[in-house]
Amino acid sequence: MIPYRTNPVRQHARILTASLVGTAVEFYDFYIYATASALVIGPLFFPAQSPAARTLLAFMTFGLAFVARPVGAIAFGHFGDRVGRKSTLVASLMLMGGSTLAIAFLPTYAMAGPIAPTLLCLMRFGQGFGLGGEWGGASLLAVENAPKGWEARFGAAPQLGAPLGFLVANGLFLILSLTLSPASFAAWGWRIPFLASSVLVGLGLWVRMKIGETAAFRAALDHAPPPRVPVGTLFRRYPGAVVAGTAGVVACFAIFYLATTFALSFATTKLGYAMQSFLAVQLVANFALAAGIMLAGYWSDRTNPARVLAIGAALTMVVGLVFGTGLASGSVPVVLATLMAALLVMGLAYGPLGAWLPTLYPTGVRYTGISIAFNCGGIIGGALAPFAASWLALTGGVAYVGLFLTAAGAVTLAGVRFAPKRR
């Protein structure tokens with residue numbers, strides 16, 4: 001047993017909190033928008049379209065932020081590798097939080113006509129741009145300060161922000177659905193979660209302003225000046241690592257957005273579940289994600305992150321074969337078990353990323369490398385997930401929905417298997 005005074009978690013509590021809070025804000029922001037897009041964005045911002053077109057347009061605005069994320073990854077990665085992790089993380093959180101808060105004050109189509117969806121898309125782009133530099137910096141903040149043998153457990157700290165952000169967002173929507181009528185929720189209640197994001201952002205900024213630069217970044221600057229253009233150095237010297245890293249991220253995004261955004265939309269519009277009931281089911285299933293992340297962090301330190309990630313990818317392929325059937329079973333216990341299994345497996349595919357991705361790149365281009373890989377993988381696994389699942393459900397039936405997960409797991413497994421080894 002490690003003595004209390006020397007426990008690495010206790011010693012680095014502020015750093016771990018700073019890395020966790022930003023990712024919690026990220027997933028909170030994305031999930032409240034994902035939930036709003038499944039419930040109200042279509043009718044409020046695209047009322048002239050058919051119901052099916054409204055849903056697709058709402059999911060298109062959701063996917064827009066994923067397109068912006070690689071752009072933000074390049075921009076924030078540039079400054080993260082040249083200026084430092086801390087200041088870049090503060091800037092990314094301010095942009096991300098400001099864009100989310102602004103959505104709370106947007107006019108609807110009935111108020112401003114075509115200007116309304118234009119402003120909505122602009123704010124979504126701002127969200128995605130800020131998020132492009134968030135996860136990479138948060139992971140490096142934890143991993144580059146980790147004691148020897150604790151890299152994966154420290155690297156899992158940002159990932160724990162995902163279930164935390166999901167828990168807060170899901171719980172808030174559940175409370176609103178229980179206390180507001182559908183008309184009130186559509187009229188103004190959906191704005192409350194976007195307003196509430198300012199609390200998490202303020203907490204994140206307060207913690208991050210009190211931390212210092214990582215030891216690995218300082219050591220790299222002492223050894224050599226940073227690259228003038230980190231993204232150019234990255235693609236010129238480490239293209240295989242970018243491709244492998246991108247592939248390694250796909251599975252976790254695919255599971256998350258199929259088990260949350262798509263599942264909520266499909267269950268409430270096609271399967272007849274009440275929104276409150278299904279939000280409660282997802283709230284319980286969320287604890288399996290937290291358990292999977294903690295298990296992955298401990299397991300990765302005992303073995304290695306690549307092995308745990310490969311196992312998570314293989315299990316993703318298996319979950320994909322039963323996901324659609326379980327979701328459409330008509331039995332709440334079966335649906336809950338399906339979502340819990342999916343999110344537990346997501347934890348195994350998501351938890352090791354904070355420790356695995358940094359091993360692919362040297363310190364001088366690490367912020368840029370892991371940010372680009374993470375966000376490009378998010379486009380493939382996250383932005384495409386609701387579209388692919390909806391298309392598979394329409395063409396082949398709900399049982400085929402999970403085939404996207406099977407394909408995503410295969411991509412991630414290939415990324416881990418063929419990742420270049422760096423000395």
task: Go through Glu144 and Ser139 one step at a time and tell me if the side chain to side chain contact (heavy atoms under 4.5 Å, CB included) criterion holds.
output: CA-CA 8 Å; Glu144 290 185 348; Ser139 294; over 6 Å; no
query: Where do Tyr361 and Tyr367 land on the side chain to side chain contact (heavy atoms under 4.5 Å, CB included) test, with the steps shown first?
result: CA-CA 9 Å; Tyr361 314 99; Tyr367 200 131; over 6 Å; no
task: Dump the intermediate steps for side chain to side chain contact (heavy atoms under 4.5 Å, CB included) on Ser177 and Phe173, then the final yes or no.
output: CA-CA 6 Å; Ser177 68; Phe173 269 106; over 6 Å; no
task: Take Tyr273 and Leu264 through the side chain to side chain contact (heavy atoms under 4.5 Å, CB included) test and state the conclusion after the steps.
output: CA-CA 9 Å; Tyr273 286 91; Leu264 177 63; over 6 Å; no
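Side chains of Thr61 and Tyr33: a donor on one and an acceptor on the other come within 3.5 Å. In summary, the side chains of Ser184 and Ser181 do present a donor paired with an acceptor at a separation below 3.5 Å, with no hydrogens or angles considered.
Nearest heavy atom pair, residue Ile379 against residue Pro70, reads CD1-CG, 3.4 Å. Among all heavy-atom pairs drawn from Leu131 and Asn375, the shortest one is O-OD1, 4.1 Å. Of all the heavy atoms in Ser19 and Leu141, the pair that sits closest is N-CD2, 4.0 Å. Contact detail for Cys252 and Val249: the closest heavy-atom pair is SG-O, 3.2 Å. Shown here for Phe194 and Ala104, the closest heavy-atom pair between the two residues is CB-CB, 3.6 Å. Contact record, Met340 with Ala285: CG-CA, 3.6 Å, taken as the closest heavy-atom pair.
Taking 4.0 Å as the cut-off between side-chain N and carboxylate O, Glu134 and Arg85 do not count as a salt-bridged pair.
Taking 4.5 Å as the limit, every side-chain heavy atom of Phe323 sits out of range of all side-chain heavy atoms of Thr406. Annotation: side chain of Leu205 is in contact with side chain of Leu93 (closest heavy-atom distance under 4.5 Å). In this structure, Val308 and Trp356 have side chains that are not in contact, with every pair of non-hydrogen atoms separated by 4.5 Å or more. You'll find the side chain of Tyr257 stays beyond 4.5 Å of the side chain of Phe262, heavy atoms only. Residues Met317 and Leu405 have side chains not in contact (no heavy-atom distance under 4.5 Å, counting atoms from C-beta outward). Contact annotation: the side chain of His78 never approaches that of Val83 to less than 4.5 Å [non-hydrogen atoms, C-beta and beyond]. Side-chain contact check for Asp81 versus Leu234: every heavy-atom pair is 4.5 Å or farther apart. Considering only heavy atoms from C-beta on, Phe45 stays 4.5 Å or farther from Leu119 through its side chain.
Ring centroids of Phe76 and Phe129 are separated by less than 6.0 Å, placing the two rings close together.
Counted within 6.0 Å of CZ on Arg14, heavy atoms from surrounding residues, nucleotides or ligands total 12 or fewer; the atom is thus considered open. More than 12 heavy atoms of other residues, nucleotides or ligands shown are found within 6.0 angstrom of CG on Leu122. Counting non-hydrogen atoms of other residues, nucleotides and ligands closer than 6.0 Å to CZ of Phe46 gives a total above 12.
Under the 3.5 Å distance criterion, the side-chain polar atoms of Thr88 are matched with a main-chain donor or acceptor of Gly80. In this structure, the side chain of Tyr350 does not engage the main chain of Leu289 through any donor-acceptor pair within 3.5 Å.
Using bins of under 30°, 30° to 60° and over 60° for the plane-to-plane angle, the ring pair Phe374/Trp135 lands in the parallel bin.
Cation-pi geometry between Arg153 and Trp150 is met: under 6.0 angstrom from the ring centre, within 45 degrees of the axis.
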